There are 2 protein chains.
Amino acid sequence: MSSPSATGRVAGTRRSREISIADIARVAGVSHTTVSRALRDSPLISQETRKRIQQLALEMGYTPNAIAQSLQTRRTSTVGLAVTSIADPFLSEVVRGVEEVARSAGLSVFLSATHNDPEQEIAVIETFHRRRVDGILVASSRITGEYKQRLDQIRVPTVLINSQAESQYELLHWVAVDDLLGARLAVEHLLALGHRAIGYVGTSSRPRSCRQRLEGYQAALASAGLAPREEWVTIMAAEEASPQEDVLCGRRALLRQLDAGVTAIFCQNDMMAIGVLMACHRRGIAVPRELSVVGFDDIEMASCIIPPLTTVRQPRIELGRLAMQVLLDLLHEQEGRNHVLAPMLVVRESSAPPPAS
Amino acid sequence: MSSPSATGRVAGTRRSREISIADIARVAGVSHTTVSRALRDSPLISQETRKRIQQLALEMGYTPNAIAQSLQTRRTSTVGLAVTSIADPFLSEVVRGVEEVARSAGLSVFLSATHNDPEQEIAVIETFHRRRVDGILVASSRITGEYKQRLDQIRVPTVLINSQAESQYELLHWVAVDDLLGARLAVEHLLALGHRAIGYVGTSSRPRSCRQRLEGYQAALASAGLAPREEWVTIMAAEEASPQEDVLCGRRALLRQLDAGVTAIFCQNDMMAIGVLMACHRRGIAVPRELSVVGFDDIEMASCIIPPLTTVRQPRIELGRLAMQVLLDLLHEQEGRNHVLAPMLVVRESSAPPPAS
DNA sequence: CAGCCATTTGCACACGTGTGCATTGGCAGC
DNA sequence: GCTGCCAATGCACACGTGTGCAAATGGCTG
């Protein structure tokens with residue numbers, strides 16, 4: 001599969017030591033103190049020497065050693081971002097938002113994947129701590145209660161994004177989308193179209209959003225005077241929280257939903273909805289004529305597939321930006337405010353009135 | 001849009017100093033030297049005190065300070081990864097592969113976006129250097145010749161992934177997919193189906209892969225004894241290298257391609273192909289009956305859309321893994337071998353014989 | 001019993017930068 | 001000329017960890 005081609009120059013000549021302020025000091029005939037101050041534009045240093053030293057630093061190709069600075073100042077200007085899956089289209093946008101804000105604030109971002117495994121999540125956070133990040137962001141966290149006290153001990157400002165842990169914790173900050181509202185918007189849309197038998201397809205890999213969206217679904221049905229039937233709800237068992245897995249869950253769920261006799265399906269997320277659509281395509285079921293399908297998230301793909309998916313839009317980039325903003329506030333010793341973002345219904349072409357029976 | 005909800009505990013109680021090996025030494029009644037050695041399992045320390053100190057460290061909740069370690073050892077166990085766009089489905093997988101290998105080697109990854117802007121790419125690399133990363137990975141690099149000498153000065157092991165820079169540079173290492181071969185596979189597939197008027201749609205935002213795929217396209221046509229016509233080739237001007245932009249380019253390109261009278265279109269990547277498909281959908285053109293469309297990359301979405309896209313699969317995760325592996329070799333003072341990965345044709349349902357005219 | 005060696009521990013310095021305080025030199029005011 | 005003040009610079013230490021070398025201890029051998 002792979003073929004060697006060119007061979008780069010061997011890294012034999014060991015990387016010579018980087019030049020430091022001491023080197024500049026030697027050349028300039030001053031102390032390293034003066035250089036340090038000159039480079040930071042300290043008013044203690046005369047305009048003249050300041051310019052001279054800055055010029056010299058430039059000529060010598062000096063790059064400040066952030067490691068040494070961090071050790072001294074006890075701030076690394078670094079944050080850790082833990083996500084369940086890097087290739088998840090939903091999380092990609094969140095990461096993008098985080099990086100965007102972090103970068104403009106002069107912070108660098110460590111990215112690590114947890115694969116939806118609490119153990120790995122803890123390991124990732126410990127690594128972040130070891131590297132003395134100034135703050136930590138965790139998307140779809142599944143940290144359990146027993147680890148909370150360790151987090152308390154570490155005492156690094158932490159913000160959770162759409163936490164999947166069932167128990168909240170007053171020490172942690174968070175940013176999340178209102179799942180309950182989103183689910184209600186979706187189901188009310190289907191009800192308004194005339195559907196009466198509406199199914200819900202969720203996954204156990206994200207327990208909290210699954211439960212909350214289920215509750216929103218049930219609330220909407222109840223408001224319409226409908227008693228939700230047990231067989232309308234399909235929760236697929238899954239450990240991994242990957243797009244592939246979600247699609248598979250969606251595909252597998254279709255049969256059960258059809259057996260339950262629903263005319264519309266509300267899915268926990270877009271990938272599962274796409275799985276349902278693919279299964280429909282395979283079985284020759286016309287969407288939305290015979291069956292309506294609604295997703296959740298509004299990932300890029302939702303508008304690209306055929307039929308374009310009716311879904312609930314989560315402000316994904318905004319979620320990342322906001323989480324990073326909250327973390328910035330915490331780093332500036334301000335109190336961090338938690339946020340609940342409102343999702344939005346996006347009607348496309350995968351939903352329509354039920355077939356006249 | 002957002003509503004404040006709970007208010008977290010104010011971070012007022014300033015994070016007390018982390019405990020250090022000196023603290024452990026004090027409690028254990030030994031010197032910090034002994035603690036340092038004991039924690040690193042040095043044979044210089046007696047089994048007994050080693051155990052005792054390790055136990056103590058555990059009880060006191062000690063976490064080694066990687067910053068201080070880095071300053072001392074001059075290795076940060078850190079790599080920088082620069083990508084043009086974080087939310088790009090192609091790059092997401094590459095990032096995933098990189099992170100996977102890096103993590104299993106005990107390295108942490110800094111992630112930064114360059115937005116396909118050489119200036120920002122340089123700034124990102126400078127930041128990585130300031131943080132003294134052990135190595136740098138750049139996906140879709142656009143670094144120009146004049147910056148090369150600066151890179152030479154920095155002297156950080158660097159590996160390029162699918163570099164878009166036209167001029168190669170012997171000091172840098174790289175991993176790439178064989179664009180020329182991929183394009184030939186795609187076009188030969190269309191030729192085998194009977195197409196004779198085949199178009200090419202590319203974008204100027206990734207000049208190198210655009211050129212190479214164009215060359216592969218031309219080579220395939222030439223091999224079939226066809227003289228490629230100028231109007232069959234559409235290169236869309238674009239600065240940004242984002243999925244959205246690519247889709248737009250694809251949509252806009254369709255008209256020109258139809259005017260040129262082609263019966264099949266080979267696109268520089270899947271997002272552009274999706275753009276073409278969407279434009280077809282809008283104009284009521286049936287794919288593949290009236291027009292065949294072939295993409296490049298084989299992103300997740302390619303198999304989810306309707307019709308499922310015929311495309312050229314790039315081993316994306318493998319690309320990331322391999323790049324990181326080459327970097328690891330370089331870090332271990334071994335010579336780094338450059339690699340060319342072979343892409344693979346994936347035939348789905350967006351390609352078929354041309355309509356009988 | 002002296003001397004040697006192995007084992008275990010600590011001293012002191014290094015990594016590169018930031019900063020409180022002391023020091024130096026120049027100049028104005030008396 | 002002396003004093004006081006201000007501007008400019010340097011000394012020395014700190015941040016937390018790793019390591020070469022010296023030192024202490026104890027056991028063993030000649």
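All values reported here derive from a predicted model rather than from experimental measurement. Computed over heavy atoms, backbone and side chain alike; hydrogens, waters and symmetry mates excluded. Here is the naming used below: chain letters follow the sequence lines, and residue numbers restart at 1 for every chain.
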*Is it the case that A:S92 and B:S92 place a side-chain donor and acceptor less than 3.5 Å from each other?*
yes
*Should A:T73 be listed as having a side-chain N or O under 4.0 Å from OP1 or OP2 of C:dT17?*
no
*Would you tell me if any nitrogen or oxygen in the side chain of B:T34 comes within less than 4.0 Å of OP1 or OP2 on C:dG10?*
yes
*Tell me: CD1 of B:I21 to C1' of D:dT17, nearest whole Å?*
5 Å
*Compare side-chain N and O positions of A:R74 against OP1 and OP2 of D:dG16 and report whether any pair is under 4.0 Å apart.*
yes
*Under 4.0 Å: is that the gap between some side-chain N or O of A:Y62 and OP1 or OP2 of C:dG16?*
no
_Expected output: side-chain A:N162 to main-chain A:S140 donor-acceptor under 3.5 Å_ = no
*Any A:R40 side-chain N or O less than 4.0 Å from OP1/OP2 of C:dT17*: no
_Interatomic distance where CG belongs to A:N65 and C1' belongs to C:dC15 [whole Å]_ = 9 Å
*Just call it for B:Q69: base, sugar-phosphate, or nothing, with non-hydrogen atoms closer than 4.0 Å on any strand.*
sugar-phosphate
_Side-chain N,O (B:S46) to OP1/OP2 (C:dT9) below 4.0 Å_ = yes
*asked:* Does a side-chain N or O of A:S36 approach OP1 or OP2 of C:dG16 to a distance below 4.0 Å, or not?
replied: no
*In terms of the nearest nucleotide of DNA chain C, which residue is placed more toward the 5' end: A:A68 or A:L44?*
A:A68
_If only side-chain N and O atoms count, and only distance matters, is there a donor-acceptor pair under 3.5 Å linking A:R337 with A:Q325?_
no
*Closer than 4.0 Å, any side-chain N/O of B:S31 to the OP1 or OP2 of C:dT9?*
no
*Starting at atom NE2 of B:H32, determine the distance to atom P of D:dG16, rounded to an integer number of angstrom.*
12 Å
*Any side-chain N or O of A:R17 less than 4.0 Å from the OP1 or OP2 oxygen of C:dG16?*
yes
*Are any of the side-chain heavy atoms of B:I125 and B:E121 separated by less than 4.5 Å?*
yes
*Under 4.0 angstrom, heavy atoms only, what part of the nucleic acid is B:T49 near: base, sugar-phosphate, or nothing?*
sugar-phosphate
_Student check: side-chain heavy atoms of B:M324 and B:L107 closer than 4.5 Å_ = yes
